[in-house]
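Predicted, not measured: the structure shown is a model, and the values here were computed from it. In the text below, chain A, chain B and the rest are named by the order of the sequence lines, each starting its count at 1.
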Protein chains: 2
Amino acid sequence: MPQAKYFEMSEARSDGFLNIGEAAEASGVSAKMIRHYEETGLVPRAGRTVAGYRIYRASDVHVLRFIRRARDLGFTMKEIAALLGLWQDRRRASADVKRLATKHITDLDARIAELQGMRSSLEHLVHCCHGDERPDCPILDGLAGAGRA
Amino acid sequence: MPQAKYFEMSEARSDGFLNIGEAAEASGVSAKMIRHYEETGLVPRAGRTVAGYRIYRASDVHVLRFIRRARDLGFTMKEIAALLGLWQDRRRASADVKRLATKHITDLDARIAELQGMRSSLEHLVHCCHGDERPDCPILDGLAGAGRA
DNA sequence: ATCCACCTTCCCACCGTGGGAAGGTCAACC
DNA sequence: GGTTGACCTTCCCACGGTGGGAAGGTGGAT
């Protein structure tokens, strides 16, 4: 998979390769994270120039962009690995993808519900707090003990 | 602040102290996290028995419970440190607490909105996917490129 | 005296991301 | 051809919060 280590930078460039900074720019994934993804095996090892610079083709950038978008949708790394696998498997069943995505929606729903629960409890406390220079404060009292915070 | 290091365990117990496991049980904060909070300075160093066991009074447990509830409401450690400071400052103005809490609500709102954005984008894609044994899949296509994923 | 549950410290892991040091390279400009 | 500045390389460290586990010491009950 990875290209052998033979390109001069100039040669690579004229063959349409990008270095990591350019790939980062083009994909929206930081150079740091590109290296990280490589290290964790999410993406295959990049080709290198003779000087050791990583080089990327348009298709590699494409993959990175895919990852970026999946992260933007809140998929975990594991899920993204699975999605990438499906993406690159031309025999996949779309049902498999849909299942993954649907499960992720329920995960998102759970997180949203959790945050909304926090929000409403806190809202309640804030609502009870006069919020002036006096020290007595239902918010602190709520945290300190009494009820459903 | 921290008690000197003079108690036998039995003596401490008869004086109403709890060991870390009991304090964890009573506060809902794990022993691991209690030690962690101590190490990071969120709570003062606990007293010790001669054998080195940490010992906790009811008031310490009270503080831990406060922290627990604040975490349940999604406050960060920094915010909790601030809340604890206000809680223990009898000259506080409730307005300060309210400000902190209100800001936290807007943070929660931002996170909720972010997750809802993900949810709706993903929902859209899922909606478009027939989800059968065929390989073509709008979800993957969406991630791969075209539009607002 | 023995046993088991608990305590202690210490280090490592997760996930995703960023910062920065130390050293090598590329490209452009004079 | 040399200098310069932007970029690359690897390596380690940090964050938030939490957990796991090893190795060794104690508590309390039998």
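The separation between I80(A) atom CD1 and dC15(C) atom C1' is 11 Å, rounded to whole Å. Summarising the geometry, the separation between CD on E38(A) and P on dT17(C) is reported as 16 Å, rounded to the nearest angstrom. Separating the CZ atom of F17(A) from the P atom of dC26(C) is a distance of 16 Å, rounded to the nearest angstrom. Remark: C1' of dG16(D) and CD of E79(B) are 12 Å apart, rounded to the nearest angstrom. Atom NE2 of H36(A) is separated from atom C1' of dC15(D) by 14 Å (rounded to the nearest Å). Regarding L64(B), its CG atom lies at a distance of 13 Å from the P atom of dT18(D), rounded to whole Å. Rounded to an integer number of Å, the gap from E39(B) CD to dA14(D) P is 12 Å.
Contact annotation: S30(B) reaches the phosphate of dG19(D) (side-chain N/O to OP1 or OP2, under 4.0 Å). Contact check, R71(B) against dG16(D): no side-chain N or O comes under 4.0 Å of OP1 or OP2. Listed pair Y37(B) / dG16(D) fails the phosphate criterion, with no side-chain N or O lying under 4.0 Å from OP1 or OP2.
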Please report, to 0.1 Å, the donor-acceptor pairs under 3.5 Å made by any side chain of residues 81-89 of chain A, with sequence neighbours excluded.
residue	atom	partner	partner atom	Å
D89(A)	OD1	R91(A)	N	2.7

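M33(B) comes within 4.0 angstrom of a nucleotide base, judged by non-hydrogen atoms across all strands.
I34(A) CD1 to D60(A) CG: the interatomic distance, rounded to the nearest 0.5 Å, is 9.5 Å.
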In the 5'-to-3' direction, what one-character label does each nucleotide of nucleotides 3-14 of chain C receive under the scheme B = base within less than 4.0 Å of a protein heavy atom, S = sugar-phosphate only, - = no such atom?
-> ---BSBB-----

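Comment: R57(A) does not engage E22(A) in a salt bridge, judged by the lack of any side-chain N to carboxylate O separation of less than 4.0 angstrom. Ion pairing between a basic and an acidic side chain is recognised when a charged N comes within 4.0 Å of a carboxylate O; R13(B) and E8(B) show no such pairing. A salt bridge does not link D107(A) to R111(A): none of the charged side-chain nitrogens sits closer than 4.0 Å to a carboxylate oxygen. Between E39(A) and K32(A) there is no salt bridge, since no side-chain N of the basic residue sits under 4.0 Å from a carboxylate O of the acidic one.
Every side-chain contact (heavy atoms from CB on, under 4.5 Å) that D136(A) has, sequence neighbours left out, goes to H130(A), R134(A).
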